[in-house]
There are 2 protein chains.
Amino acid sequence: MPGPKAADQGREVRGRLLRVAAELIAERGWSAVSTRMLAERAGVTPGLVHYHFSSVHALLTEAAIGTMRSLVEGLGPLLERAGTAEEALDLMLAALDEHDGRDPLSLLFAETYLAAARDETLRRSLAEVVTAFRDRLAARLAAQGVAAPDQTAAVVAAAIDGLMLHRAFTPGLTAPAVAPILRRLLDGRVLT
Amino acid sequence: MPGPKAADQGREVRGRLLRVAAELIAERGWSAVSTRMLAERAGVTPGLVHYHFSSVHALLTEAAIGTMRSLVEGLGPLLERAGTAEEALDLMLAALDEHDGRDPLSLLFAETYLAAARDETLRRSLAEVVTAFRDRLAARLAAQGVAAPDQTAAVVAAAIDGLMLHRAFTPGLTAPAVAPILRRLLDGRVLT
DNA sequence: AAACGCCTTGGACGATCGCCCAGGGCGTAC
DNA sequence: GTACGCCCTGGGCGATCGTCCAAGGCGTTT
């Protein structure tokens with residue numbers, strides 16, 4: 001058996017590297033994150049990075065997907081609790097208001113989207129995470145009688161991400177300003 | 001007077017570097033474009049890059065903004081010619097259909113958005129270009145009686161960009177699929 | 001012809017890159 | 001105790017990075 005003490009510390013360091021990686025992707029950009037940056041901020045030696053991960057790219061991928069997955073999964077139950085479709089939309093608008101397009105989380109999302117366009121594996125994982133969220137939202141919209149719930153959910157999700165991207169250089173794009181517009185997306189009702 | 005022959009060739013090389021830069025931003029990503037890459041593809045020596053531009057970053061900025069500006073300005077007249085607001089939206093949907101989120105133009109836009117989040121100067125220039133387009137679209141929507149034309153235009157523009165980003169890993173997100181949903185955004189009419 | 005202006009070359013500078021590996025520390029299993 | 005397994009260090013590999021600069025080509029102006 002492996003020594004449990006050392007193994008625990010190893011897992012701790014691995015986790016720290018993942019957290020640091022998510023930070024640095026946002027700060028410097030995906031392809032500008034280096035082995036030595038990661039090691040320095042995590043308080044370890046550069047060599048240790050390649051002990052825990054097969055490559056820097058693999059570390060970044062696991063960090064980005066992991067962070068996004070846990071965040072999206074945390075949003076799920078909140079979505080379930082939303083009574084009306086409008087409340088579900090308000091939930092996403094609240095998320096929009098917490099970010100200005102230049103904060104770590106917004107940038108992590110955007111960087112990962114972009115990196116996925118150039119990496120097959122990352123693209124698959126990302127699709128999995130986003131699809132899971134979209135399906136949850138679509139189910140919520142369907143229960144509220146919104147027509148074409150799948151496509152509506154896809155457009156709402158894309159619109160929120162697009163607004164996040166645009167907010168970085170358009171400060172006026174706040175949640176209260178766009179809420180009335182986005183609400184129109186829910187207007188295709190089957191039932192009143 | 002400067003020798004006009006050499007000056008002409010200089011301008012030609014400068015322009016070629018700008019075109020190559022726009023290509024490489026899309027292919028490799030903003031921060032992964034190097035002096036030597038640019039020089040090789042443009043068929044010149046690495047040293048020449050820093051003769052025509054103060055830095056690689058300055059070259060990338062000028063290339064990205066220039067490409068985006070000329071593209072957006074080319075879209076302006078087409079927008080002017082659109083009769084109804086729905087036709088204006090169809091025009092943007094057609095643009096969406098030409099790109100799949102992994103083509104050079106989509107990636108150039110996304111890369112520039114992201115780079116702008118970390119660079120004040122780029123952010124200002126980008127805001128100028130995007131605002132110009134948004135204003136044109138808003139004017140078109142206002143003429144068609146759409147309520148809150150400014151915010152509507154902002155949301156439509158952001159939604160199109162967001163859809164482009166999502167299309168990279170969600171192939172089903174085609175223009176025909178999302179057109180009926182996006183059309184709801186124009187439903188806030190003052191006049192019939 | 002000589003001087004000037006602009007474009008261009010090719011090489012050099014120190015810094016940083018991803019990745020690899022020999023070796024040491026240390027707790028557990030024989 | 002000895003051997004084993006895992007974590008970790010520190011240094012080294014060749015490659016690439018952005019930027020700079022001395023030197024030369026070449027058409028235009030005196």
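The structure presented is a predicted model; accordingly, all values stated were derived computationally and were not measured.
Rounded to whole angstrom, the span from the OH atom of A/Tyr51 across to the C1' atom of D/dC8 amounts to 8 Å. When rounded to the nearest whole Å, the span between CZ of A/Phe53 and P of C/dC19 equals 13 Å. With rounding to whole Å, A/Arg14 atom CZ is found 15 Å from D/dC6 atom C1'. Counting to the nearest Å, the P atom of D/dT9 and the CD atom of A/Glu40 are 14 Å from each other. Atom CD in B/Glu12 sits roughly 16 Å away from atom C1' in C/dC6 (whole-Å rounding). Taking atom CG on A/Leu24 and atom P on C/dC17, their separation rounds to 11 Å, with Å as the unit.
The heavy-atom pair separating B/Pro149 from B/Ala138 by the smallest distance is CB-O, 3.5 Å. In this structure, B/His52 and B/Arg14 approach most closely via the heavy-atom pair O-NH1, 3.3 Å.
Residues B/His166 and A/Tyr113 place their aromatic rings such that the two centres sit under 6.0 Å apart.
OP1 and OP2 of D/dC6 both lie 4.0 Å or more from every side-chain N or O belonging to A/His52.
Using a 4.0 Å cutoff on non-hydrogen atoms, no part of residues 110-120 of chain B comes near DNA chain D.
Using modelled atom types and a 3.5 Å distance limit, the side chains of B/Arg28 and A/Ser31 yield no donor-acceptor pair.
Residues A/Glu62 and A/Arg69 are not paired through a salt bridge, judged by the lack of any N-O separation under 4.0 Å between the basic side chain and the carboxylate. Ion pairing between a basic and an acidic side chain is recognised when a charged N comes within 4.0 Å of a carboxylate O; B/Glu12 and B/Arg16 show such pairing. Remark: B/Arg41 engages B/Glu23 in a salt bridge, criterion side-chain N to carboxylate O under 4.0 Å.
Counting non-hydrogen atoms under 4.0 angstrom, A/Val49 reaches nothing in the nucleic acid.
Counting non-hydrogen atoms of neighbouring residues, nucleotides and ligands closer than 6.0 angstrom, the CD atom of B/Glu40 reaches no more than 12 such neighbours.
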With B for base contact, S for sugar-phosphate-only contact and - for none (protein heavy atoms under 4.0 Å), nucleotides 11-21 of chain D reads -B----BBBB-
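Here B/Ser106 pairs with B/Asp103 under the side-chain hydrogen bond (donor to acceptor under 3.5 Å, both in side chains) rule; sequence neighbours left out.
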